[in-house]
Amino acid sequence: MVEAVKGVRDILPDEIRAWHFVEERARDTFERYGFREIRTPIFESTELFARGIGEGTDIVAKEMYTFPDRKGRSLTLRPENTAPVARAYIEHQMHRRSEVERLYYLGPMFRYERPQKGRMRQFYQIGVEVLGSDHPAIDAETLEMLVAFLGRLGIAPVQLVLNSVGDPECRPAYKEILRRYLLPRRESLCEDCRRRLDTNPLRCFDCKVPADRDVMAQAPAILDHLCDACRGHFERVREHLDAFGIAYTIDRRLVRGLDYYRRTAFEVTAPGLGAQNALLGGGRYDGLIEELGGPAVPGFGFAVGEDRLVMSLPATAAIPDDAPEVFVVGLGEAGVSAALQAARRLRGSGHRTLVEPLPGKSLKAQLRRANDLRARFVLILGEEEIQRGVMTLKRMSDGSQATVRLDELDRRLGEMARA
RNA sequence: GUGAGUGUAGCUCAGGUGGUAGAGCCCCGGGUUGUGGCCCCGGUUGUCGUGGGUUCGAGUCCCAUCACUCACCCCA
């Protein structure tokens with residue numbers, strides 16, 4: 001038997017309801033804030049990610065699904081969507097249409113990693129990007145929207161962790177300070193961190209080796225070495241968040257794995273996700289558009305892991321029911337024909353109606369089926385009803401039933417639903 | 001890429017020291033020749049992940065292999 005390949009999975013109808021719930025709340029929330037959806041291809045030129053995310057990042061170095069197409073061009077299944085959105089923004093000259101563009105997206109991403117709880121090779125992200133303003137109000141308002149979104153899913157309160165990672169003005173100098181702190185301690189660091197020391201010492205903050213964590217706890221933090229502009233930006237973001245009454249913690253060790261982040265960086269973690277507890281992450285990326293050959297347009301955004309979001313939904317989440325309103329039973333072939341007609345009429349007036357052509361099944365079996373489907377009503381069309389030109393409408397909650405004609409079906413259904 | 005754990009019915013799992021497989025749920029039928037849920041009765045479902053080895057005999061022991069899960073790494 002051919003099975004799904006490693007790291008991908010099917011989302012079956014029982015589970016998809018939660019996904020629709022999340023996606024509908026996302027669209028509704030984001031659109032309230034003026035965001036509009038953008039859909040980009042799920043594969044792009046490999047070069048886009050190499051340049052956008054950064055050659056040295058783990059994503060680019062070892063986690064991309066890269067393959068040649070039939071003409072030998074190197075393509076990559078998108079591992080994230082900020083670079084593709086930036087590419088589309090540039091390609092369509094969107095900065096000429098409006099100064100600030102607010103975009104959201106949702107869809108599958110792909111990373112070649114060993115699967116584990118909360119981490120699939122094909123996973124889904126819901127994200128937003130604000131292009132065109134570096135005002136701290138953008139950071140704060142987008143974070144406020146994020147908190148509102150999670151709140152509307154019933155995932156609250158969340159732990160919002162914030163930091164500033166500086167910009168090209170202050171980060172190089174800070175990196176040097178950090179390096180000078182770490183070099184004398186090099187021998188006590190783990191193998192990974194010694195390598196990071198040469199490539200990107202900031203990533204040592206991510207290390208989970210206890211001894212290294214102790215070393216890093218004493219390390220100079222970039223927060224104390226921001227340039228005036230970055231410090232001012234960070235302070236203004238915090239002021240706005242405080243004005244919103246949004247709780248957050250500052251984590252001086254928070255660094256992000258993508259090269260393009262500047263100034264504001266944040267993430268939200270959630271319990272119950274196992275070791276992969278990051279629910280979402282994001283930040284400011286003021287240099288990315290320019291890096292990709294576009295105008296000097298600043299950006300801010302975040303991406304939520306939809307799989308992890310669904311896992312984090314509380315049992316009380318208001319996920320809409322998918323049960324049919326009316327289950328139509330036709331007994332015998334004549335009954336099935338009549339059932340089809342009745343069902344068509346019900347659907348025409350907006351009722352979720354299911355009719356299954358099982359003329360040989362006993363009424364008992366069909367009622368059991370209706371009960372399993374949690375149908376609110378059953379409409380029965382058997383020999384008796386067809387002879388008399390009527391049908392039997394049964395309310396499943398209490399078993400009460402009435403004899404109705406086709407032309408009054410709608411009205412009687414409404415009455416019984418209210419009673 | 002590294003490590004650990006687990007693979008028995010559609011699902012969740014039992015199967016001391018080797019003697020050719022079970023339960024619950026689900027599904028189907030009946031108890032009511034046209035009335036669901038609860039209850040009762042009956043029934044269907046297995047290359048015991050795969051390949052090899054030891055043995056008179058392997059779900060059980062050994063080796064290999066594959067898959068899945070969790071963790072490391074990293075991230076959503």
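Just so it is clear, the structure is predicted and the values come from calculations on it, not from any experiment. Letters A, B, ... mirror the listed sequences (proteins, then strands); counts begin at 1.
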If you look at every strand shown and take non-hydrogen atoms under 4.0 Å, does [X] touch a base, only sugar-phosphate, or nothing?
X      : answer
A:A370 : nothing
A:Q366 : nothing
A:K6   : sugar-phosphate
A:E306 : nothing
A:G382 : base
A:I126 : nothing
A:E80  : nothing

Side chain of [X] (C-beta onward), nearest among [options]:
X      : options             : answer
A:L331 : B:A76, B:G36, B:G34 : B:G34
A:A365 : B:G3, B:C68, B:G29  : B:G29
A:I380 : B:A71, B:G34, B:G30 : B:G34
A:K62  : B:G30, B:G34, B:C73 : B:C73
A:R114 : B:C73, B:G30, B:C70 : B:C70
A:Q125 : B:A71, B:A76, B:C28 : B:A76
A:T392 : B:A71, B:U35, B:C73 : B:U35

For nucleotides [N] and [M], find the distance between their [atom1] atoms and express it as a whole number of Å.
N     : M     : atom1 : answer
B:U45 : B:G22 : P     : 13 Å
B:C27 : B:C66 : C1'   : 31 Å
B:U6  : B:A14 : C1'   : 16 Å
B:G37 : B:G29 : P     : 12 Å
B:C62 : B:C26 : P     : 38 Å
B:A58 : B:U47 : C1'   : 15 Å
B:G51 : B:C13 : P     : 25 Å
B:G5  : B:C39 : C1'   : 42 Å

Decide yes or no, distance alone: a donor-acceptor N/O pair under 3.5 angstrom between the base of [N] and the side-chain of [X].
X      : N     : result
A:Q276 : B:A71 : no
A:Q401 : B:U35 : yes
A:E385 : B:G34 : yes
A:R111 : B:A76 : yes
A:R374 : B:G36 : no

Given that both distances must come in under 3.5 Å, which nucleotide forms a Watson-Crick or G-U wobble pair with [N]?
N     : answer
B:A67 : B:U6
B:C48 : none
B:A76 : none
B:C38 : none
B:G59 : none

Would you name the heavy atoms of A:R121 and A:P115 that are closest together and state the gap between them?
NE-CD, 4.3 Å
Between [N] ([atom2]) and [X] ([atom1]): distance, integer Å:
X      : N     : atom1 : atom2 : value
A:L367 : B:G34 : CG    : C1'   : 9 Å
A:R9   : B:A76 : CZ    : P     : 18 Å
A:L12  : B:C11 : CG    : C1'   : 13 Å
A:L106 : B:A76 : CG    : P     : 17 Å
A:M311 : B:C75 : CE    : P     : 18 Å
A:N277 : B:C75 : CG    : C1'   : 10 Å
A:D372 : B:G10 : CG    : P     : 20 Å
A:Q116 : B:G1  : CD    : C1'   : 14 Å

For A:H240 and A:H135, take the angle between the two ring planes, folded into 0 to 90°, and tell me which bin it lands in: parallel under 30, tilted 30 to 60, perpendicular over 60.
tilted
Determine the interplanar angle of the A:Y261 and A:Y285 rings, folded into 0 to 90°, and report it as parallel if under 30°, tilted if 30 to 60°, perpendicular if over 60°.
perpendicular
Would [X] and [Y] count as having a side-chain donor-acceptor pair, cut-off 3.5 Å?
X      : Y      : result
A:Y124 : A:Q122 : yes
A:E47  : A:S74  : no
A:H233 : A:D139 : yes
A:Q401 : A:T392 : no

Kindly give the atom pairs (protein nitrogen or oxygen, nucleotide nitrogen or oxygen) under 3.5 Å for nucleotides 37-43 of chain B.
{"from": "B:G37", "atom 1": "O4'", "to": "A:N371", "atom 2": "ND2", "distance (Å)": "3.0"}

I'd like to know if A:E415 and A:R411 make a salt bridge, using a cut-off of under 4.0 Å between side-chain N and carboxylate O.
yes
Below 4.0 angstrom, N of the basic side chain to O of the carboxylate: do A:R87 and A:E91 qualify?
yes
Are there more than 12 heavy atoms of other residues, nucleotides or ligands under 6.0 Å from atom CZ of A:R374?
yes
May I ask you to verify if any side-chain N or O of A:K364 is less than 4.0 angstrom from the OP1 or OP2 atom of B:G34?
no
Closest nucleotide of RNA chain B for A:P115 versus for A:V304: which of these residues is on the 5' side?
A:P115
Given RNA chain B, 5'-ward residue of the pair A:R369 and A:A4, judged by closest heavy atom
A:R369
Side-chain donor/acceptor pairs under 3.5 Å, residues 286-293 of chain A, sequence neighbours excluded:
{"from": "A:D286", "atom 1": "OD1", "to": "A:R284", "atom 2": "NH1", "distance (Å)": "2.8"}
{"from": "A:D286", "atom 1": "OD1", "to": "A:G299", "atom 2": "N", "distance (Å)": "3.3"}

